[in-house]
Q: 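Okay, here's the structure, questions in a sec.
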Amino acid sequence: MPINISGHHVDVTPAIRDYCLNKLEKLSRHHDLITNTQVILSVDKLIQKAEARVHVNGRDVFADSESEDMYAAIDSLTDKLDRQLLKHKEKLRSHR
């Protein structure tokens, strides 16, 4: 699963990149058909934002999160994506 991480008004340090990669790798356990993930980390004054778009089997799943801490924003983002991917997987399973 290729993961692209970029920063908008923030330098993406190796520590943040590794943390984000480790968190997003856990998403592949729930859904096997993830083809691409795009993550954008940004800062607006004192608010840290994390946005992600996950391309899954012909559909895009989008989530965003805001916090005062970048690590907390990434945690919240992965939780939201995890719930959305599980919901999408259940929909696929129930329609078969």
Side-chain angles (χ1 to χ4, degrees):
M1 169 177 81
I3 300 173
N4 301 323
I5 302 173
S6 60
H8 188 256
H9 297 294
V10 66
D11 292 330
V12 180
T13 62
I16 291 176
R17 180 177 299 279
D18 290 340
Y19 187 77
C20 193
L21 288 173
N22 288 336
K23 287 291 190 173
L24 291 173
E25 284 295 326
K26 294 178 182 177
L27 296 177
S28 64
R29 289 187 295 173
H30 295 295
H31 212 292
D32 299 332
L33 302 175
I34 297 174
T35 57
N36 189 13
T37 304
Q38 177 67 35
V39 179
I40 300 172
L41 306 174
S42 63
V43 176
D44 287 336
K45 295 188 181 181
L46 297 177
I47 297 175
Q48 315 284 326
K49 294 181 182 179
E51 302 174 351
R53 183 173 311 276
V54 179
H55 185 72
V56 180
N57 197 18
R59 181 173 183 246
D60 285 338
V61 176
F62 178 80
D64 62 342
S65 177
E66 296 180 355
S67 180
E68 293 180 2
D69 182 29
M70 185 61 77
Y71 293 101
I74 293 170
D75 286 340
S76 177
L77 175 74
T78 55
D79 290 341
K80 289 179 182 181
L81 284 172
D82 190 35
R83 281 185 301 226
Q84 288 183 14
L85 288 173
L86 285 174
K87 185 176 178 181
H88 177 66
K89 189 174 181 180
E90 286 298 320
K91 283 184 181 179
L92 289 177
R93 190 177 297 157
S94 67
H95 287 286
R96 288 184 182 184

Q: Spell out, yes or no, whether Leu41 and Val43 are grouped together once hydrophobic residues are joined by side-chain heavy atoms under 4.5 Å, including indirect joins.
A: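 Yes, same cluster.
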Q: Distance from Ser67 atom OG to Leu77 atom CG, nearest 0.5 Å?
A: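 Going from the OG atom of Ser67 to the CG atom of Leu77 covers 11.5 Å.
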Q: Are Ile34 and Leu21 connected in the hydrophobic side-chain network, where two residues link if heavy atoms are under 4.5 Å apart?
A: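 Same cluster.
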Q: Do Ile3 and Glu25 come within less than 4.5 Å of each other through their side chains, counting heavy atoms only?
A: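 In short, these two side chains touch, coming nearer than 4.5 Å.
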Q: Between Asp64 and Lys49, does any NZ, NE, NH1 or NH2 come within less than 4.0 Å of an OD or OE carboxylate oxygen?
A: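 Salt bridge: no.
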Q: In Å and rounded to the nearest 0.5 Å, what is the CG to CG distance from Asn36 to Asn4?
A: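 Answer rounded to 0.5 Å: 5.5 Å.
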Q: May I ask you to decide if Ala73's main-chain N or O and Ser76's side chain share a donor-acceptor pair within less than 3.5 Å?
A: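 Absent.
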Q: Work out which heavy atom in Leu81 is nearest to a heavy atom in Ala63; give both atom names and the distance.
A: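 Minimum heavy-atom contact is CD2-CB, 3.7 Å.
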Q: Tell me the closest heavy-atom pair linking Ala52 and Val39, and the distance in Å.
A: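 That closest heavy-atom pairing would be CB-CG2, 4.2 Å.
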Q: Can you measure from CG (Asn57) to NZ (Lys89) and round to the nearest 0.5 angstrom?
A: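 Asn57 CG to Lys89 NZ: 12.0 Å, rounded to 0.5 Å.
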Q: To the nearest 0.5 Å, what is the distance between CD1 on Ile47 and CG on Asp69?
A: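 So the CD1 of Ile47 and the CG of Asp69 are separated by 13.5 Å.
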Q: Hey, does the side chain of Asn22 reach the backbone of Asp18 with a donor-acceptor pair shorter than 3.5 angstrom?
A: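 Between the backbone of Asp18 and the side chain of Asn22 there is a qualifying donor-acceptor contact (under 3.5 Å).
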Q: State, yes or no, whether a side-chain contact exists between Leu46 and Glu68 at a heavy-atom distance under 4.5 Å.
A: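 Not touching, per the 4.5 Å side-chain cut-off.
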Q: Show your reasoning for whether side chain to side chain contact (heavy atoms under 4.5 Å, CB included) applies to Tyr19 and Thr13.
A: CA-CA 10 Å; Tyr19 187 77; Thr13 62; over 6 Å; no
Q: Rounded to the nearest 0.5 Å, what separation is found between the OG1 atom of Thr35 and the NE2 atom of His55?
A: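 Thr35 atom OG1 to His55 atom NE2 measures 4.0 Å (nearest 0.5 Å).
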Q: Would you say Ile40 and Met70 are hydrophobically clustered, going by side-chain heavy atoms of ILVMFWY under 4.5 Å?
A: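 In one cluster with Ile40: Met70, no.
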Q: Between Leu24 and Ile74, is the side chain to side chain contact (heavy atoms under 4.5 Å, CB included) condition met? List the steps.
A: CA-CA 9 Å; Leu24 291 173; Ile74 293 170; over 6 Å; no
Q: Measure the shortest side-chain to side-chain distance between Phe62 and Glu51 over non-hydrogen atoms and say whether it is less than 4.5 angstrom.
A: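 Yes, their side chains come closer than 4.5 Å.
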Q: Check Asp75, Asp79, Asp82 against Lys23 for a side chain to side chain donor-acceptor pair (under 3.5 Å) and give me the one that passes.
A: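 Looking at Asp75, Asp79, Asp82, the match for Lys23 under the side chain to side chain donor-acceptor pair (under 3.5 Å) is Asp75.
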Q: Rounded at 0.5 Å granularity, tell me how far OG1 in Thr78 sits from NZ in Lys80.
A: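 Taking OG1 in Thr78 and NZ in Lys80, the distance rounds to 10.5 Å.
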